[in-house]
Colleague: 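Please read through the structure below; I'll follow up with questions.
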Amino acid sequence: MTAAAKGPVNLFGLDRTALRARFAEMGEAPYRADQVMNWIYRRGVDDFGAMSNLSKDLRTRLADHFVIRPPELITEQTSADGTRKWVTQAGEGQAIETVFIPEDDRGTLCISSQVGCAMDCSFCSTGAQGFSRNLSTAEIVAQVWFAAKTLGGNFQTDRVVSNVVFMGMGEPLANYGEVLPALRILLDAHGFGLSKRKVTVSTSGLVPFIDRLREDVDCALAMSLHAPNDKLRDELVPINRKYPLAELMAACKRYTEGKDRKAHIVYEYVMLDGVNDAPEHARQLVKLLTGLPAKVNLIPFNPFPNTQYQRSPAERIKAFAEILRDKDIVTTIRKTRGDDIDAACGQLAGKVNSRQKQRLRDIPVKTAGAPRPPRLVRGHA
């Protein structure tokens, strides 16, 4: 569980509803909270004294009760391809990683939602570290603010960070109660003001929270699929033993129902040599996705120490993609970025003092009123 807050409240942890409630307790009008959010997220200001449209008295009281605290940097690395990775403090000798991927038409920030991960996916370096705790909303949002501030430019006009993806360390939906307010800040016009199609939550398949996410906030969804049948997915993505493909795909269908025609789910599929990359696997994937608004993103496996897997050959990945495209499934092959600094997909490890070696025994979930999903255990449900 996230450690209890001590001392002044970090404003990165309060969405607009929560911040307005705090201002009401102080006897202040709700629009003052909106003004403060604009200073923080639209102008990049972290000094109450600089918030010139607030009274001097209010600025003093804010400084007495609140802080605007970015993460503490441990190391920063820049890849030969321009990818940047920041390792920041997560307390108790632990660290998380945040990655910025610059492209010609956008700048994508990959953020973490937990210290480690309990999902135990066999091809992921983060999962191999085990799980320690959930990040707070403030710790999640602060990653975005820190990256935007570090990268420079004007918060309002330059949009150096144009896309945010919850694809760093952790399973976002296992930390739902902290991730949801963070999503609201990212999408809020008084927050970062990002488009719903430019904020993506990636999940390995926590079915109850896929449904909850659909009801609570409108954002893009990425599904860490990685296998087209239950037997193989049980091995690669153990949460499948609790929520098998039939349940998962039904949840994916529900997620897109009633949304505009451009709405789709991106299905992430890591390409593992001799494991899930045969033509038969591609044909099974076609069958699985038939009738769903879907895009498939094939990810060449990125190795990490002591892994049992190897990357599928490039020609086999291309052949796999062509089978999908021949059936009119939009398919891309992800370009590997940042692998020279261990910042590529599946390589983020940070520093995790794991308190949960049996990583699927219990997943702490803060639900903000949502029903707690069933207890997760190794083996079939």
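Note that the coordinates shown come from a computational prediction; the quantities given were computed from them, not determined experimentally.
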Colleague: Counting C-beta onward and ignoring hydrogens, is there a side-chain heavy-atom pair between L225 and R233 closer than 4.5 Å?
Modeller: yes
Colleague: Is the count of non-hydrogen atoms from other residues, nucleotides or ligands lying under 6.0 Å from E72 atom CD greater than 12?
Modeller: no
Colleague: Considering only heavy atoms from C-beta outward, does the side chain of I74 approach that of Q89 to under 4.5 Å?
Modeller: yes
Colleague: Answer with yes or no whether the hydrophobic clustering places V266 together with L289; edges join I, L, V, M, F, W, Y residues whose side-chain heavy atoms lie under 4.5 Å apart.
Modeller: no
Colleague: Going only through I, L, V, M, F, W and Y residues with side-chain contacts under 4.5 Å, is there a path from L58 to V67?
Modeller: no
Colleague: Under 4.5 Å between any side-chain heavy atoms of F123 and V237, yes or no?
Modeller: yes
Colleague: Strictly distance-based, threshold 3.5 Å: is any side-chain N or O of Y309 a donor or acceptor partner for the main-chain N or O of V275?
Modeller: no
Colleague: When rounded to the nearest 0.5 angstrom, what distance separates CZ in R32 from CD in Q35?
Modeller: 4.5 Å
Colleague: State the CZ-CD1 distance between R84 and I101, to the nearest 0.5 angstrom.
Modeller: 13.5 Å
Colleague: Answer whether the closest heavy-atom distance between the side chains of L62 and M26 falls below 4.5 Å.
Modeller: yes
Colleague: Begin with the C-alpha distance, continue with both residues' side-chain angles, and end with the deciding distance and a verdict on side-chain contact (heavy atoms from CB on, under 4.5 Å) for C252 and Y267.
Modeller: CA-CA 10 Å; C252 291; Y267 293 88; 3.3 Å; yes
Colleague: Taking atom CG of D105 as the centre, report whether more than 12 heavy atoms of other residues, nucleotides or ligands fall under 6.0 Å from it.
Modeller: yes
Colleague: Determine, stepwise, if the pair N302 / R311 fulfils side chain to side chain donor-acceptor pair (under 3.5 Å).
Modeller: CA-CA 7 Å; N302 298 301; R311 179 181 297 178; 3.0 Å; yes
Colleague: Residues in ring-ring contact (aromatic ring centres under 6.0 Å, His included) with F100, at least two apart?
Modeller: none
Colleague: Strictly distance-based, threshold 3.5 Å: is any side-chain N or O of N276 a donor or acceptor partner for the main-chain N or O of H226?
Modeller: yes
Colleague: Find out if a path of hydrophobic residues (ILVMFWY) with successive side-chain heavy-atom gaps under 4.5 Å connects L73 to I68.
Modeller: yes
Colleague: Do side-chain atoms of Q143 reach the backbone of E139 as a donor and acceptor pair under 3.5 angstrom?
Modeller: yes
Colleague: Could you tell me if Y176 and D216 have a donor-acceptor pair between their side chains, going purely by distance under 3.5 Å?
Modeller: yes
Colleague: Given 3.5 Å as the limit, does a donor-acceptor pair link the side chain of N175 with the main chain of L135, or not?
Modeller: yes
Colleague: May I ask you to decide whether E315 forms a salt bridge with K318, counting only side-chain N to carboxylate O separations under 4.0 Å?
Modeller: yes
Colleague: Could you tell me whether K335 and E103 make a salt bridge, using a distance below 4.0 angstrom between a side-chain N and a carboxylate O?
Modeller: no
Colleague: If you apply the rule side-chain contact (heavy atoms from CB on, under 4.5 Å), what do you find for L292 with T256, and how did you get there?
Modeller: CA-CA 9 Å; L292 296 174; T256 57; 5.6 Å; no
Colleague: Tell me whether the count of non-hydrogen atoms from other residues, nucleotides or ligands lying under 6.0 Å of NZ in K327 goes above 12.
Modeller: no
Colleague: Would you sort out whether R212 and E215 count as a salt bridge (charged side-chain N to carboxylate O under 4.0 Å, His left out), showing the intermediate values?
Modeller: CA-CA 5 Å; R212 181 68 188 270; E215 297 300 319; over 6 Å; no
Colleague: Answer whether the closest heavy-atom distance between the side chains of K287 and Q284 falls below 4.5 Å.
Modeller: no
Colleague: Which pair of non-hydrogen atoms, one from G170 and one from S113, has the smallest distance, and what is that distance?
Modeller: C-OG, 3.8 Å
Colleague: I'd like to check T200 versus N163 (side-chain heavy atoms, cut-off strictly below 4.5 Å). Are they in contact?
Modeller: no
Colleague: With rounding to the nearest 0.5 angstrom, report the CG to CG distance, N240 to D234.
Modeller: 5.0 Å
Colleague: Keeping N229 on the side-chain end and L232 on the backbone end, is there a donor-acceptor pair under 3.5 Å?
Modeller: yes
Colleague: So which pairs with a foot in residues 46-84 pass ring-ring contact (aromatic ring centres under 6.0 Å, His included), sequence neighbours left out?
Modeller: none
Colleague: With a 3.5 Å distance limit and no angle check, can you tell me whether D273 reaches the backbone of Q310 through a side-chain donor-acceptor pair?
Modeller: no
Colleague: Please step through side-chain contact (heavy atoms from CB on, under 4.5 Å) for the pair H190 and V36, ending with a clear verdict.
Modeller: CA-CA 9 Å; H190 294 286; V36 171; over 6 Å; no
Colleague: For F192, is there any backbone N or O sitting under 3.5 Å from a side-chain donor or acceptor partner on R42?
Modeller: yes
Colleague: Check whether any side-chain heavy atom of W39 sits under 4.5 Å from a side-chain heavy atom of N53, and report yes or no.
Modeller: yes
Colleague: Is T137 reaching over with its side chain to a backbone N or O of E178, donor-acceptor style, under 3.5 angstrom?
Modeller: yes
Colleague: Could you state the interatomic distance from CG (L206) to CG (L213), rounded to the nearest 0.5 Å?
Modeller: 11.5 Å
Colleague: Return the minimal non-hydrogen interatomic distance between N10 and A138, and the atom names on each side.
Modeller: ND2-CB, 3.9 Å
Colleague: Work out which heavy atom in S312 is nearest to a heavy atom in I317; give both atom names and the distance.
Modeller: O-CD1, 3.5 Å
Colleague: Please check if the side chain of R325 supplies one atom and the backbone of T331 the other of a donor-acceptor pair under 3.5 Å.
Modeller: yes
Colleague: Which atom names give the shortest non-hydrogen contact between V201 and C219, and what distance separates them?
Modeller: CG2-SG, 3.9 Å
Colleague: What's the spacing between L187 CG and D15 CG if we round to 0.5 Å?
Modeller: 11.0 Å
Colleague: With Y269, which of L285, N297, D277, I299 fulfils side chain to side chain contact (heavy atoms under 4.5 Å, CB included)?
Modeller: L285
Colleague: Quick one: are I140 and I111 in side-chain contact, heavy atoms under 4.5 Å?
Modeller: yes
Colleague: Given the rule in the side-chain contact (heavy atoms from CB on, under 4.5 Å) test, do L272 and L236 qualify, once you have shown the distances and angles that lead to the verdict?
Modeller: CA-CA 10 Å; L272 304 171; L236 299 178; 3.9 Å; yes
Colleague: Check N38 against A189 and note the closest heavy-atom contact, atom names and distance.
Modeller: OD1-O, 4.3 Å
Colleague: For R133 and E92, what are the C-alpha separation, side-chain angles and deciding distance, and is it a salt bridge (charged side-chain N to carboxylate O under 4.0 Å, His left out)?
Modeller: CA-CA 11 Å; R133 68 172 178 89; E92 300 177 347; 5.7 Å; no
Colleague: Over all heavy atoms of both residues, which pair between F12 and A142 is shortest? Give the atoms and the distance, please.
Modeller: CD1-CB, 3.7 Å
Colleague: Find the distance between CG (D230) and CZ (R241) and round it off to the nearest 0.5 Å.
Modeller: 11.5 Å
Colleague: Please identify each residue that fulfils ring-ring contact (aromatic ring centres under 6.0 Å, His included) with F166, with sequence neighbours left out.
Modeller: none
Colleague: Under 3.5 Å, is there a donor on one side chain and an acceptor on the other for E171 and T203?
Modeller: yes
Colleague: Has S112 got a side-chain atom pairing as donor or acceptor with E97's backbone, closer than 3.5 angstrom?
Modeller: yes
Colleague: Is there a side chain to side chain donor-acceptor pair (under 3.5 Å) between T83 and D81? Walk through the geometry before answering.
Modeller: CA-CA 6 Å; T83 298; D81 62 27; 2.7 Å; yes
